[in-house]
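Below is one structure, written out as structure tokens; comments come after it.
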Amino acid sequence: MAEYYNPTPVSVPYRGHADRLFKRDFAGEMLDRYPDLELIDYGFIYRRDPVFPQDDMTWFLLQRT
């Protein structure tokens with residue numbers, strides 16, 4: 001999964017709409033809600049990456065145990 005991470009849920013305006021895009025700890029919420037999930041790996045995509053510039057995103061690889 002990839003997310004715009006924020007420890008506290010925040011709504012972000014998206015293409016003129018409210019309550020369509022959120023920054024929050026989706027991965028943490030999934031791990032709390034589903035105890036059979038295990039965090040395998042994670043990383044960060046940075047908008048200033050000279051090779052692969054994208055939005056500032058955090059990605060997580062989860063596996064069901």
Asp55: side chain to side chain contact (heavy atoms under 4.5 Å, CB included) partners, not counting sequence neighbours: Tyr4, Met57
By side chain to side chain contact (heavy atoms under 4.5 Å, CB included) - contacts of Glu38 (at least two apart): Ile40, Thr65
What residues join Tyr46 in its hydrophobic cluster, counting side-chain heavy atom gaps under 4.5 Å, either direct or through other members? Phe44
Hydrophobic cluster mates of Val51, side-chain heavy atoms under 4.5 angstrom, ILVMFWY only, any path? Phe52
[atom2] on [Y] to [atom1] on [X], rounded to 0.5 Å:
| X | Y | atom1 | atom2 | answer |
| --- | --- | --- | --- | --- |
| Phe22 | Asn6 | CZ | CG | 12.5 Å |
| Leu21 | Tyr14 | CG | OH | 7.5 Å |
| Leu39 | Leu61 | CG | CG | 8.0 Å |

Same apolar cluster: Leu31 and Trp59, side chain cutoff 4.5 Å: no
Grouping I, L, V, M, F, W and Y whenever their side-chain heavy atoms are under 4.5 Å apart, do Tyr5 and Val10 come out in a common cluster? no
Any residue meeting side chain to side chain donor-acceptor pair (under 3.5 Å) with Asp56, in chain and number order, not counting sequence neighbours: Arg47
Can you list every salt bridge (Lys or Arg N to Asp or Glu O under 4.0 Å) pair that touches residues 18-28, not counting sequence neighbours? Arg24-Glu29
Run Arg64 and Tyr34 through side-chain contact (heavy atoms from CB on, under 4.5 Å) and show every step you take. CA-CA 9 Å; Arg64 187 180 299 165; Tyr34 300 101; over 6 Å; no
